[in-house]
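For reference, the structure discussed in these notes is given below.
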Amino acid sequence: MNSWLECSRPQSEPLLHICCGITWSFPDFVNTRKFQCEGRGSESSSYGHRCIVTDSGFEKLRRLRNLEALDLSGNRFNHSIFEPIRQSSSLKSLNLSRNYIGSGSDRLSGLDKLEILDLSYNYLDLENVFSTLQINTSRMALKRLDIRSNQFQSFLPNEELGALRNMEYLLLDRNILDENFLRSSGVMSSLKVLSVSRCGLNGTLPLQGLCDLKYLEELSLSRNKIIGRLPACLGNLTFLRVIDLTDNQFTGNIASSPLSSLLSLEYLLLAYNNFEIPISFESFANHSKLKFVTAENNSVILQTNSISWIPKFQLEALTLSNCSQIPSFLHYQLHLRLLGLSRCNIGGDFPNWLLQNNFRLGEVYLDGNAFTGSLQLPFLPNLEALDISNIGSIFPKLSGDNNLSGNIPAWLGNSSSLKYLALSRNHLKGHIPPDYCRLEGLWVLDLSENNLAGMIPSCFSAFQYLKHVHLSKNMLQGEFNMFSNSSYLKLLDLRENNFSGSIPKWLGSTFDITILLLKGNRLQGTIPPLLCHARHLRMLDISHNNLSGPIPHCLGNITQQAPITVELPYRIFRYVGFEKFGGDALINIEYSVESFNLDIYARFIAVFTTKYNTYSYEGGILSYMSGVDLSCNQLSCEIPKELGNLTEIHGLNLSHNHLTGEIPSESSNLQNIESLDLSYNNLTGRIPTQLLKLTTLEVFTVAHNNLTGRTPQSSAQFATFSESSYEGNPFLCGLPLNISCTEPREIPIYPPAPNCCEDDASFLAMESFYISFLVAYANVVVAVVVVLWLNPKISIGSLEFIQLLSNTNYQHHLRLLSLSKCNIGGDFPNWLLQNNSKLGQLHLDGNAFTGSLQLPFLPNLKTLDISNNKIRGKLPPNIGSIFPNLFVSIMSNNMLEVSDNINNFENLYLDGNNFSGPIPQKLSTALFLSSLDLSENNLSGNIPAWLGNISSLRSLALSRNHLKGHIPPDYCRLEALDLCENNLPSCFSAFQNLKHVHLRKNKLQREFNIGAIPKWLGSTFDITILLLKGNRLQGTIPPLLYHARYLRMLDISHNNLSGPIPHCLGNITQQQEGSRFSNRYILTDAYVTKVFGGDAVIGIESSIKRSLENMLVDTYAWVGAEFSTKYNTYSYEGRMVDYMCGIDLSCNQLSGEIPKELGNLTHIHALNLSHNHLTGAIPSEFSNLRNIESLDLSYNNLTGSIPTQLLKLKTLAVFTVAHNNLTGRTPQRSAQIATFSESSYEGNPFLCGLPLNISCTKPREIPIYPPAPNFCEDDASFLDMESFYISFLVAYANVVVAVVVVLWVNPYWRNVWFYFVESFMYSCYDYLALKCRPNLLRSL
């Protein structure tokens, strides 16, 4: 092996340390007891240099018979390394971490003396650990085992855990564990360290097993999904020094938990849970060893101390959030190195005393408070991070902001160790001090949203390690070339200042930059093409400047090579107590504090405008956002078609410029685009029909241009755009504009767009350019003539190619022809089919063909698509015989009539042809029909029963017609049925094979219109969408519905349902299936030309055959599902259904409390419980709805305060709790909550705080509400009918007795009553006399 020999210090026993250098040979090391061949830092490997061990090297390794310790970590060994290791039976310590061992048949055996084994960070995917270690369990001496980050199917069967009775250190992070592992762990009685972080554990902690580990010193349960309170038996772990419960769902008050009795605790890590943290911390007064407490993102409880107390502990780290005041015990803390009191809204003067008392402070985070006054900070020699900014909001004057004023403190420049400085969103003024130039190690600088003026000091060029710069919303001026030496720059935010000059070209050489925000300055000149070298750029905003010239074509190369970065939010204290194998937790946590600022910059906000709104993207969300904003400049020339290469982009804004030419059809490649704004330019031509492919588009506008022709077809996303998206184009017609396309109008002819050059005006001399261009042009012409004259083969081939392009009249061997969406016009090209008798696939859809069909005999035709044309008349009467093998026939959106001979058709689409009258009887001859679509016509009459006699029919669509009558029972064999928007009065339940049923907007009665929700829906395990909105359903929601585990859309709103919401409803929408929907039909026109050694023609035939076989696997999937969310009704079609998940229970009579189990619906996007009678508090578990976009709890009787945990909902777009009985303060105005207006909270008289105009400082009476009734979820009966009858009769008798008593006691009321009875009797007599007397006279 190539290696060098290293013995850096004397050893008490022989040591052989091999790394990279000379060839190994060690005949003198036979008695070596320690051998180390570990990777060193290098560019050659992600783990360092590799130990290149040959077969001879392995053989010499076997000669080390006394070897006790072997370290081969950080290499790339595979499972073959096990075989030579098995020979070292004397091994006691083996480290194979960070290799690529993977799977294989080799096993570790014969190592019965092994005490320490590290297999972490490999790719072991065996059944369990004992599948890798073939060790005699009766003699096993293993004490320390590290298998973190592997792929074991399980750790060990629970019944075999007893074999680990001598285990002291067990590290299992990021593996799969049995759900009962903690319950069975008590048999490992010697354990001192146990780490099961990120193992997918859920439920509550067991009362036995874990609590039996009486010698346990370090315990990590972080980043699981464990819920509930801590069991009291944890108090038995009296040796526990470290407990890490970060990022779970634990609840309860820690003062009354077993944690308060564990006096040996040194590290208490509770962040990101639902604990109640008393602000006094008095219950931990006697914990003299306590050093580290992380408890942010919990609920802090304010309380008054009964007596003053002095804590026995001296903390080194403390993090809290939302605490409202500074804990009193901090007055006695003198050894703090990490202090985080973020988003606490404390108020008062800045606590300079707190920093003076703790001169060792290395990190201070006091952002998001309401501190005032000036800064008088002491000198802190170890200070690396200082954050005293306002809350992370883009909106000013919100509660919780710091209001520090005065000049920016210059003395901070003396803190040479400072890496992170954030003073944003205050009222600081003056110039940026030149003293800051001494902060050469600075990584993050945030001075945004102050009143700073002047120029940035030129000495900032010394900042080589700067990564994030935030100087937006100040009054800075000049240029910013001083950042050109910051080669690690990732984010540069200089928005809304007075910077001038041109965009620096050095930005293109900053390869790591991902976010560049220069909006709202006075930049001019052109966009430098060198900017295109910034391949990792994901957000580019240079809008609202004075930039001119064309858009560089190469701009289409950015945002494509985005690096994958995982940067934790800086407030998550990265405890690494278990990272150093077998080490002391204290040492590792000290190391964690030193390296804590590695990712502190990840919390910063990047602000970007899209969808008519300004959004802030924070932390990991930045990796998902990509956008370009060039609006409000003076840019000219055509839009480069290369911008279509930006397939990852979400927002593109080119509005308010002077762009000319047509909209590139390549824009249809922007598969992830959500907002496309091309308004207020001088664009001409038509809107490309290819844009209909953009299925993610939410905002689209081409208003105020010079576009012509018809607007895009109102389908998919384009059906959601209003007239404002197209206005200001006088020659544009079609819906949603109120301009008809049938009236002839003059089409303007625009001059060609100017030949714009992307370089500066002075880049070349135009006279020289013209001369060189003419010379080059002449050379090219001469070269082409010479080549064609010398090579006859090329000459003939070129002429044939030109002739082929000029005219298709000479093509006679076509087998696949696709001219889709060409808008050709004129008569249907029957001649084209006559010339090519071998046609197998024909796609002429999306044109403007007129006339009639005169089709020839095509025996091989299997696919015919002539949809979206203007073809009239009947289908040819012999169409069944001229196309004997036709498999798919798509003739939608024409003006055709059905012919007699269609008996061999299998898939027939005739929707949108304006058929009228009854369904044609001629269709009964299609005995092989599998799919039939007659929707969107004007058919009337009853639904024919004879359609059910077509035995092969699987899919039938008759929606949007005027059909009536009952649904025939003969339709029971169907798999997909769409009868929406007709006049059908009834339905039946005999559909045994149905997968898709669409019956909305009819006049159905019985089962699905009145009565209760059927219980059998819960046994329909495959149901994914259930829409029962707007009927007269009553009764309760059946708990059996939760068995429908694949249910993704549930809408039972606008009914008369009552009773509580079942708790078990939180179990649905969790087991998401794969994609169950496909497009209407799948056409593959891929040419298979890579058949090895074969003829390309054979490959094409095979491709066509395979595409036809799979073309209609899910022919019924084109029917969409409608769901209401965000105050709108959206239609989800095809694969889009897989991405939508929502529940709507609004507008019913539901009562009781909101079940906290609804917080388990982590995949849900919309939840609407409005307009019911729900009571109780809003569950704090709603903070687990990480994908929620719309949450509506309005118009109920909810009480209590709004949980602060809802601030975790980063995707929330619509939120309302209006018209309830909520009390307390509105949530802090940060993240998504800052975007909600007063209407989200109105109608709650005892709610205060912004955006309501109600102050929280004035004392007011808080209403006390009775506890919510204890509703039973059983569905045996809505109420006990026997008790109802008895209570009704008793009440009726009481009323009668009460009336008699009143009439007997009070003579006046008695006389009135008798007078009323007498008057009523005479009225009845007169009425009967008038009705009966004429009949009596006639009979006489």
Side-chain angles (χ1 to χ4, degrees), residues 389 406-410 412-413 421-440 442-510 513 515-531 534 537 539-549 604 606-607 629-630 632-635 760-762:
S389 60
N407 291 329
I408 185 170
L412 281 173
L421 176 61
L423 306 176
S424 64
R425 302 176 184 91
N426 283 287
H427 300 290
L428 302 174
K429 60 183 180 180
H431 298 267
I432 299 178
D435 304 73
Y436 285 12
C437 298
R438 293 194 291 270
L439 305 176
E440 296 182 358
L442 201 64
W443 289 6
V444 177
L445 176 64
D446 186 3
L447 305 177
S448 58
E449 299 187 40
N450 282 289
N451 298 316
L452 303 179
M455 301 175 64
I456 302 175
S458 58
C459 55
F460 271 26
S461 57
F463 292 165
Q464 299 181 7
Y465 304 102
L466 206 57
K467 297 183 179 181
H468 284 223
V469 179
H470 297 258
L471 299 175
S472 62
K473 296 186 179 182
N474 282 289
M475 295 178 286
L476 300 171
Q477 57 188 5
E479 297 184 350
F480 47 93
N481 289 316
M482 64 290 301
F483 298 115
S484 59
N485 293 331
S486 302
S487 55
Y488 298 98
L489 194 63
K490 290 189 175 183
L491 186 152
L492 180 61
D493 185 359
L494 305 178
R495 292 173 296 116
E496 301 182 36
N497 280 285
N498 296 317
F499 291 111
S500 57
S502 59
I503 298 177
K505 296 180 180 179
W506 59 262
L507 284 170
S509 61
T510 309
I513 193 167
I515 301 172
L516 177 60
L517 309 176
L518 305 177
K519 172 184 177 182
N521 284 284
R522 293 185 292 170
L523 301 175
Q524 54 189 2
T526 60
I527 302 175
L530 286 176
L531 190 63
L537 197 61
M539 272 197 235
L540 173 63
D541 187 354
I542 52 178
S543 62
H544 294 268
N545 282 286
N546 296 315
L547 300 172
S548 57
F604 279 104
V607 177
D629 191 349
L630 309 180
C632 300
N633 282 288
Q634 307 295 324
L635 300 175
D760 296 335
S762 60

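Just so you know, these numbers come straight off a predicted model, no measurement behind them. These numbers come from the heavy atoms of this one structure, side chains and all, not from hydrogens, waters or symmetry mates.
Side-chain contact between His468 and Asp446 is absent, with no heavy atoms from C-beta onward closer than 4.5 Å. With a 4.5 Å cut-off on side-chain heavy atoms, Phe499 and Asn545 do not count as touching. Counting heavy atoms from C-beta on, the side chains of His544 and Cys632 come closer than 4.5 Å.
Under the 3.5 Å distance criterion, the side-chain polar atoms of Asn497 are matched with a main-chain donor or acceptor of Leu476. Using modelled atom types, no side-chain atom of Asn546 and backbone atom of Ser548 make a donor-acceptor pair closer than 3.5 Å. A donor-acceptor pair under 3.5 Å is formed between the side chain of Asp541 and the backbone N or O of Ser543. Under a 3.5 Å cut-off, the side chain of Asn451 and the backbone N or O of Ala453 do not form any donor-acceptor pair. No donor-acceptor pair closer than 3.5 Å links the side chain of Asn481 to the backbone N or O of Trp506. At least one donor-acceptor pair closer than 3.5 Å links the side chain of Asn450 to the backbone N or O of Leu423.
Residues Pro433 and Pro457 share a closest heavy-atom pair of O-CG, 4.3 Å. In terms of heavy-atom proximity, Leu439 sits nearest to Leu412 at CD2-O, 3.6 Å. Of all the heavy atoms in Pro528 and Lys505, the pair that sits closest is CB-CG, 4.1 Å. Across every non-hydrogen atom of Arg522 and Asn498, the tightest pair is NH2-O, 3.6 Å. The two residues Leu537 and Ile515 come nearest to each other via the heavy atoms CD1-N, 4.0 Å.
For the atom pair Leu447 CG and Ser424 OG, the distance stands at 8.5 Å (nearest 0.5 Å). The distance from atom CD1 of Ile542 to atom CG of Leu517, rounded to the nearest 0.5 Å, is 11.0 Å. Taken from CD in Glu449 to OG in Ser389, the straight-line distance is 10.0 Å, to the nearest 0.5 Å. Note: Leu489 CG to Lys467 NZ = 11.0 Å, rounded to the nearest 0.5 Å. A distance of 11.5 Å separates CG in Asp629 from CG in Leu518, rounded to the nearest 0.5 Å. How far CG of Leu540 is from CG of Leu507: 9.5 Å, rounded to the nearest 0.5 Å.
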Original post:
Could you go step by step and tell me if Asn633 and Ile527 meet the side chain to side chain contact (heavy atoms under 4.5 Å, CB included) rule?
Top reply: CA-CA 11 Å; Asn633 282 288; Ile527 302 175; over 6 Å; no
Does the side chain to side chain contact (heavy atoms under 4.5 Å, CB included) test come out yes or no for Tyr436 and Leu421, once each step is laid out? CA-CA 11 Å; Tyr436 285 12; Leu421 176 61; 4.0 Å; yes
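The aromatic ring centres of Phe483 and Phe480 sit 6.0 Å or more apart.
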